[in-house]
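To keep things clear, I will list the structure first and then write my remarks on it.
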Amino acid sequence: MMHQDKEVKNIKSKPKTTCCCSHDEPEHSDNDGHDHDHDGHDHEHNVEGSWFKLFLPAIVSFVILLIGIAFDNYFPQSWFTGYVRTIWYAIAYLPVGLPVLKEAYESIVKGDVFSEFFLMCIATIGAFAIGEYPEGVAVMLFYTIGETFQGMAVNRAKSSIKSLLDQRPDEVHVLENNVSVKVKAKDVQIGAVIQLKAGEKLGLDGELLSDSASFNTAALTGESKPDTKKKGETVLAGMINRNTIAEVKVTTAYNDSKLSKILELVQNAATKKAPAELFIRKFAKIYTPIVVYLAIAICLLPMLFVDNYVFSDWLYRALVFLVISCPCALVISIPLGYFGGIGAASKNGILFKGSNFLDSISTIQNVVVDKTGTMTEGVFKVQEVIIKPEFDKEEILKMVNALESRSTHPVATAIHNYAGQIDTSVELKDIEEISGHGLKASYNGKELHVGNFKLLDKFSIAYDIDPTSIVYTTIAIAYDQKFAGYLTIADEIKVDAQETVTKLKTLGVKLTMLSGDKTNVVQFVADKLGIVKAFGDLLPEDKVNKVNEIKARNETIAFVGDGVNDAPVIALSTVGIAMGGLGSDAAIETADIVIQDDKPSKIAMAINIGKQTKKIVWQNITLAFVVKAFVLILGAGGLATMWEAVFADVGVALLAILNAVRIQKMKF
């Protein structure tokens, strides 16, 4: 993880504008089996510093060029001829031309001859060779300005990663002998107690020791709404304490915190290319040499067919053709479009592990969701308490609470949360757990049974209700060999579950719900939400079979789950989505997309972001191809000058980039 941090910080460490259109970067596979690009010549523009510093070379070149044009056309000078004029424009060329000449040389040394730098150098030096000095300088000047603007756009697109890095403080205050000591976050050991003042960011994951604390969780979830945590609950690195001083016991090492893993996911996302990106890279590798040879043909072939052939005229056409042909708009704007999509998603608490998954989710036909933890809260709560009139309800609940306190089952936790503190005056004897049935004990010389109705059957206790008619999980209670009543316990439906179903239907996506829970419980939740297809009582292998049935129809599937048992289905689906808050590490590790705040409504949002990203990418591809093809034809026919060539290259690139960064401003 430290290596990853270094890579992201290096985004800001390269002052040079780099650009290369004509080759694929070599790829390697790391241990997790994913492909990553080497840190070669990517078509990225990494710039930093003040506006004046960034544009100083262009400003100097522009001023000298304007003076030269003025001497040529408006204020003729007798001395401004011959070598003096050539040297003047050469001086205007150097501030913007030298960095590009250097990049062209370095690319050639590395075996990449047909780079964009090479094309620009040929075109501008050729313009000087035929005496078109102002145009030679102007082409390189506007090219450099365009590249600088592109660099600024790329860095802006990467701001979501930098802002995430800013959420993780380097130092924290650790309590040592009740004294607050400032310590580097990476050196804090598990078990240490952090003192978190109001307004401070938590540096590591931990357990809240204070009675309660309110946190801003925007860094992790994209939600600015405060989240109040109680004693014993998990708090995560990146959360900001909003009011009183809080104490947190560290439970996870610095590099293993949820925020560290989020950063790693977002950083690695850029290495997994979408099909459109891979196509454009391969296209540029073939396309650039072809246009160089076509330019040579435009210059020399007319010699065989044109009677009044003038070499300088046809060379000029060839140079214009070269400038127009640079595939800069395609090779930078397409990755930037996908990066913008990943950034927009991360701002909304959705982590895409690669731009290829943005492409995949945009064409999803089926969303298959797990019930517990995905459409429901994953936290059981008592729904109703039915105690027969002949029994004291309060007394029965005290006994049940005391007995269930001996169990660690989620049902026992739900009963304890409902009934409150254990009454220590309730003395139970002969406590026995009967596997698959429940608990038995003795109180005041009478037997107490708490469990399912099979427990009552086992001890021949009669009851006057039909258990199958109750939708929720039911806890039967018997005291003194008499049926006393029952509790119903259920997992609450998430507040945005209904919104999720509605949005997915609007997008034309078919929704199916699978669960290991009882069929009647699953069907009840499905009916409440309006989900037509729902299946319960499923084992992990049954879920796999259900997903395979959909795949057999040649339809794309996004599976959404949160448990360890969901990992096989997540891996099997076209796109796997994990709930990152309550989700198991196995599910999150296997998934292609992680929803950080466990909100199912983010499923539809993720699909929408994918669709919008793909739309923008194809708009850019169409724009670049149409404009370039049109101006290339004009250039080959001698109808376009260097000025049209500059627009076709730098102008189209800037338009495509402005279109690409639009996605970060969109509301989803």
Side-chain angles (χ1 to χ4, degrees), residues 19-24 41 43 97 100-101 103-105 107-108 110-132 135-136 138-140 142-143 146-147 279-334 620-653 655-656:
C19 176
C20 184
C21 299
S22 61
H23 67 289
D24 270 339
H41 262 309
H43 197 291
V100 181
L101 289 167
E103 292 289 353
Y105 171 75
S107 295
I108 292 168
K110 290 178 181 178
D112 176 34
V113 176
F114 298 108
S115 67
E116 182 173 351
F117 313 116
F118 180 66
L119 296 187
M120 297 308 299
C121 291
I122 293 176
T124 53
I125 292 171
F128 267 73
I130 59 175
E132 299 289 349
E135 290 193 14
V139 167
M140 190 61 82
F142 289 116
Y143 171 75
E147 295 295 283
F279 166 74
I280 289 301
R281 286 173 179 269
K282 291 173 183 174
F283 169 81
K285 188 176 181 180
I286 300 166
Y287 165 87
T288 312
I290 288 174
V291 296
V292 171
Y293 294 130
L294 283 174
I296 294 170
I298 288 169
C299 178
L300 300 178
L301 282 181
M303 188 187 304
L304 305 175
F305 308 104
V306 178
D307 294 333
N308 56 343
Y309 174 81
V310 179
F311 175 76
S312 61
D313 290 346
W314 288 97
L315 176 60
Y316 182 79
R317 291 188 188 188
L319 297 176
V320 169
F321 185 85
L322 278 180
V323 174
I324 299 166
S325 69
C326 288
C328 186
L330 289 170
V331 183
I332 184 62
S333 66
I334 291 168
N620 285 348
I621 290 173
T622 305
L623 172 71
F625 272 120
V626 169
V627 174
K628 281 189 176 287
F630 179 69
V631 184
L632 275 172
I633 293 167
L634 293 180
L639 301 174
T641 67
M642 284 281 187
W643 301 104
E644 284 87 357
V646 168
F647 171 76
D649 178 41
V650 179
V652 172
L655 287 174

## Note on the structure
Shortest non-hydrogen pair, A297 vs P302, comes out as O-CD, 3.4 Å
## Note on the structure
For I125 and L101, the nearest pair of non-hydrogen atoms, with its separation, is CD1-CD2, 3.9 Å
### Task
Could you note down all residue pairs passing side-chain hydrogen bond (donor to acceptor under 3.5 Å, both in side chains) where residues 296-318 supplies at least one of them, sequence neighbours left out?
E135-Y316
### Message
For L315 versus C299, what's the shortest heavy-atom pair and its separation?
### Response
CA-SG, 3.9 Å
### Query
Which atom pair, heavy atoms only, marks the closest approach of C121 to A104?
SG-CB, 3.9 Å
### Query
Distance from L634 atom CG to F321 atom CZ, nearest 0.5 Å?
12.0 Å
